[in-house]
Visitor: 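Quick one: the structure is below, and I'll ask about it shortly.
Note that these values count all heavy atoms, side chains included, but never hydrogens, waters or copies made by symmetry.
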Amino acid sequence: TARNWPIDKLVSGSLESGQDRDGVAALLMRGSDGEIGWSLQWSALAGYLLILTAIHLLRVLRWRPLLRPFGEVSFAVVNRVGAVGFMSVFLLPLRLGELVRPYLMSRSSDIPFGSVLSTIAVERVLDGMTVALVLFGILATVPEALLIEHPQVQTGATVALLVFGSALLLLVAIALARRPTISLIRRLVGFVSLKLADRIVELATAFVDGLAALGSVLALLQFLTVTATYWCLNGLGIWLMARGFALDVPLTAGYAMMGCVVIGMMIPNSPGNVGSFWYFMLLPAVLYGLNPDASPVVGFALAVWFIQTVQMTVFGIVGLWAHSRAAGAPRIDENLPRDAQSH
C-alpha cells in the first residue's frame, strides 16, 4: 500500500511548529527549499483527540447495558476491560482481539465467556450494517460518472450491504422462528460443512440472545442512539483531520472514508492494521478531487492511523495496569459481616 507513495516528501525536511499557508498555528514539514510539504493545524489535532476520547466513552457506555442482563458490572470494570479490548482488536492480527474483551470480562466478573461474546456479536453486526448503510447513502450523492470511473468503492459498499443485510434477515428469522431457521441452516450449509453450519448457528443465536437481553424497547432505542452518536463523531473526526491538513473536502467525505476503513478492517487484518487502514481510507479520495499520492493526503491518512493507534494503545496500557491492580486486590464478599471482611 506504500507503493508509489511520496514517503520521501512526507518525512524529508524539518519538522517544526509555525503557521500554515492560512496563517493558523500548525505542525509543519518544511523542505530544504523552504516550502511546506504538509501541515497539521494544532486545533484540529486537539479536537480529534477529544473526539477519540468521547468515542471511547461512548463505546463503553454502549457496551454496559448489553452486559447488565447477565450481571451488574461497575463502570470502572467495563471501562478498563473495554480499553484493553479496543486496543487488542486494533493491534492484534486476524481479528484475534475480539476474544480479549470476553476473556477479561469473564475473569473480572461472574458473567460467562459465551454471554460476553454474545454482546460483542450484537455490536459487530449492528456496526457493520450501520456503516454499510451510511456509505451506500453517501455514494448516492456522488455523480454517477465518477462512480463508473472508480467502481471499487461502490462495489465494496454493495458487498458490505449485501453481507450485513443477509445477516440481518437471518437474525430476524432466528428471532421469529428459531427452530425452523436453525434446521434450515444446518440442512443447507451442512452440505458444505457441518462445523461451519454449527458455527453460524452459534453466532446468530448469540446475537439474538444478546439483543433480547436489552430487555425493553427503550433500552434498545438508547443503544441505537449511542451507536448513531458514536459513528457520527467518528466521521466528523476524520473530516476535521482532513481540514486540519488543508484538504478542502465536504463533511460527507469524512463519512465515506470512515465507511471504507470499517469495511476494509472487517477483512482479517494485519498487526496494527498497518497498510490496510490508510489504503482503504483513501479509496474514496478520488471521488472528492484528492490525489491519493499527494504529500498532504498521504500525511492525513497516516496521521489518522497513527493518532488512533497511539490513543488506543495508551488507553489500553492504562486499562492493563488498572486490571493488574484489581486482579491483585482481594475480593470482598458483600454478604459477609463487616467484622469478618476486615479480618
Side-chain angles (χ1 to χ4, degrees), residues 1-2 5-31 34-58 90 131 134-135 138 153 229-262 264-265 272-315:
T1 57
W5 281 25
I7 301 298
D8 55 334
K9 296 180 182 179
L10 189 66
V11 297
S12 62
S14 59
L15 195 63
E16 60 185 64
S17 180
Q19 292 185 336
D20 62 9
R21 293 183 178 90
D22 296 326
V24 180
L27 178 67
L28 312 172
M29 178 62 73
R30 194 181 298 276
E35 290 295 321
I36 298 175
W38 56 266
S39 61
L40 170 58
Q41 296 176 359
W42 289 114
S43 57
L45 176 59
Y48 191 47
L49 288 172
L50 288 175
I51 286 176
L52 289 178
T53 301
I55 286 174
H56 168 82
L57 292 174
L58 285 172
F90 199 87
V131 171
V134 168
L135 183 56
I138 287 174
V153 179
T229 306
Y230 158 61
W231 286 115
C232 283
L233 282 177
N234 210 314
L236 178 64
I238 292 176
W239 174 77
L240 180 64
M241 283 292 289
R243 301 292 291 186
F245 272 88
L247 302 178
D248 188 15
V249 293
L251 180 60
T252 52
Y255 290 97
M257 292 177 182
M258 174 195 77
C260 286
V261 168
V262 173
M265 288 174 62
N273 288 283
V274 172
S276 58
F277 186 99
W278 57 77
Y279 171 79
F280 283 104
M281 182 174 165
L282 290 184
L283 275 183
V286 292
L287 302 179
Y288 297 96
L290 299 179
N291 178 5
D293 296 328
S295 296
V297 180
V298 176
F300 154 66
L302 290 177
V304 172
W305 166 79
F306 180 73
I307 294 168
Q308 284 198 22
T309 303
V310 170
Q311 179 264 326
M312 290 189 190
T313 302
V314 170
F315 281 31

Visitor: Hey, what do you get for CZ (Phe300) to OG (Ser295), rounding to the nearest 0.5 Å?
Guide: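 Taking CZ in Phe300 and OG in Ser295, the distance rounds to 14.5 Å.
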Visitor: So, taking the atom named OG in Ser39 and the one named CG in Leu27, what distance separates them when rounded to the nearest 0.5 Å?
Guide: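 Reported value, rounded in 0.5 Å steps: 8.5 Å.
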Visitor: Between atom CZ of Phe306 and atom CH2 of Trp278, what is the distance when rounded to the nearest 0.5 Å?
Guide: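 Atom-to-atom, Phe306:CZ and Trp278:CH2 are 11.0 Å apart.
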Visitor: Which atom names give the shortest non-hydrogen contact between Phe245 and Pro296, and what distance separates them?
Guide: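 Taking every non-hydrogen atom into account, CD2-O, 3.7 Å.
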Visitor: Are a donor atom and an acceptor atom from the side chains of Ser17 and Trp42 found within less than 3.5 Å of each other?
Guide: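 The answer is yes; a qualifying pair exists.
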Visitor: Say you draw a straight line from CG of Leu236 to CD1 of Ile51; how long is it, rounded to the nearest 0.5 Å?
Guide: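 If I round to the nearest 0.5 Å, the distance is 4.5 Å.
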Visitor: In terms of ring plane angle, is the pair Phe315 and His56 parallel, tilted or perpendicular, where the classes change at 30° and 60°?
Guide: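 Rings of Phe315 and His56: perpendicular, over 60°.
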Visitor: What pair of heavy atoms forms the shortest contact from Cys260 to Val153, and how long is it?
Guide: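 Scanning both residues, the minimum pair turns out to be SG-CG1, 3.8 Å.
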Visitor: Would you say the side-chain atoms of Tyr48 and Gln311 include a donor-acceptor pair closer than 3.5 Å?
Guide: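 There is no such pair between these side chains.
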Visitor: Could you tell me if the side chain of Arg21 sits less than 4.5 Å from the side chain of Ile36, heavy atoms only?
Guide: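 Answer yes - side chains close enough.
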Visitor: Begin from the C-alpha positions of Trp305 and Val274 and carry the test side chain to side chain contact (heavy atoms under 4.5 Å, CB included) through to its verdict.
Guide: CA-CA 8 Å; Trp305 166 79; Val274 172; 3.8 Å; yes
Visitor: Just how far is it from atom CD1 of Ile307 to atom CE of Met312, taken to the nearest 0.5 Å?
Guide: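 With rounding to 0.5 Å, CD1 (Ile307) is 12.0 Å from CE (Met312).
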Visitor: Measure from the side-chain N and O atoms of Asn291 to the backbone N and O of Asp293, and report whether any donor-acceptor pair falls under 3.5 Å.
Guide: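 Indeed, once roles are kept as given, a pair shorter than 3.5 Å links the two residues.
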Visitor: The criterion is side chain to side chain donor-acceptor pair (under 3.5 Å); which residues satisfy it with Asp248, sequence neighbours excluded?
Guide: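 Once residues adjacent in sequence are excluded, the partners of Asp248 under the side chain to side chain donor-acceptor pair (under 3.5 Å) criterion are Arg243.
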Visitor: With a 4.5 Å limit on heavy-atom distance, are the side chains of Met265 and Phe280 in contact?
Guide: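 A side-chain contact under 4.5 Å is absent here.
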Visitor: Determine whether a donor-acceptor pair (N or O, by modelled atom type, separation under 3.5 Å) exists between the side chain of Asn273 and the backbone of Phe277.
Guide: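 Checked: no pair found.
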Visitor: Side chains of Gln41 and Asp20, heavy atoms from C-beta outward: is any pair under 4.5 Å?
Guide: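 Yes. Closest side-chain heavy atoms under 4.5 Å.
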Visitor: Provide the closest heavy-atom pair for Ala44 versus Gly244 in the form atom of the first, atom of the second, distance.
Guide: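 So the two residues come closest at CB-CA, 3.6 Å.
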Visitor: Decide yes or no on side chain to side chain contact (heavy atoms under 4.5 Å, CB included) for Val131 and Trp231, but give the supporting numbers first.
Guide: CA-CA 8 Å; Val131 171; Trp231 286 115; 3.9 Å; yes
Visitor: Shortest non-hydrogen contact from Met257 to Met281?
Guide: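 Looking at all heavy atoms of both residues, the closest pair is CG-O, 3.2 Å.
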Visitor: Side chains of Val261 and Val304: does their closest heavy-atom pair fall under 4.5 Å?
Guide: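 Not touching, per the 4.5 Å side-chain cut-off.
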Visitor: Of the non-hydrogen atoms in Ala242 and Val249, which two are nearest, and what is the gap between them?
Guide: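 The answer is CB-CG2, 3.9 Å.
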Visitor: Decide yes or no for Leu40 and Met241: does some side-chain heavy atom of the first lie under 4.5 Å from some side-chain heavy atom of the second?
Guide: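 Yes - at least one pair of side-chain heavy atoms lies under 4.5 Å apart.
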Visitor: I need the single residue from Asn234, Ile138, Ile238 that forms a side-chain contact (heavy atoms from CB on, under 4.5 Å) with Tyr255. Which is it?
Guide: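 Going through the options one by one, the only one that passes is Ile138.
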Visitor: Quick one, Leu28 and Leu15 - any side-chain contact, counting heavy atoms below 4.5 Å?
Guide: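 With C-beta onward as the side chain, the pair stays apart.
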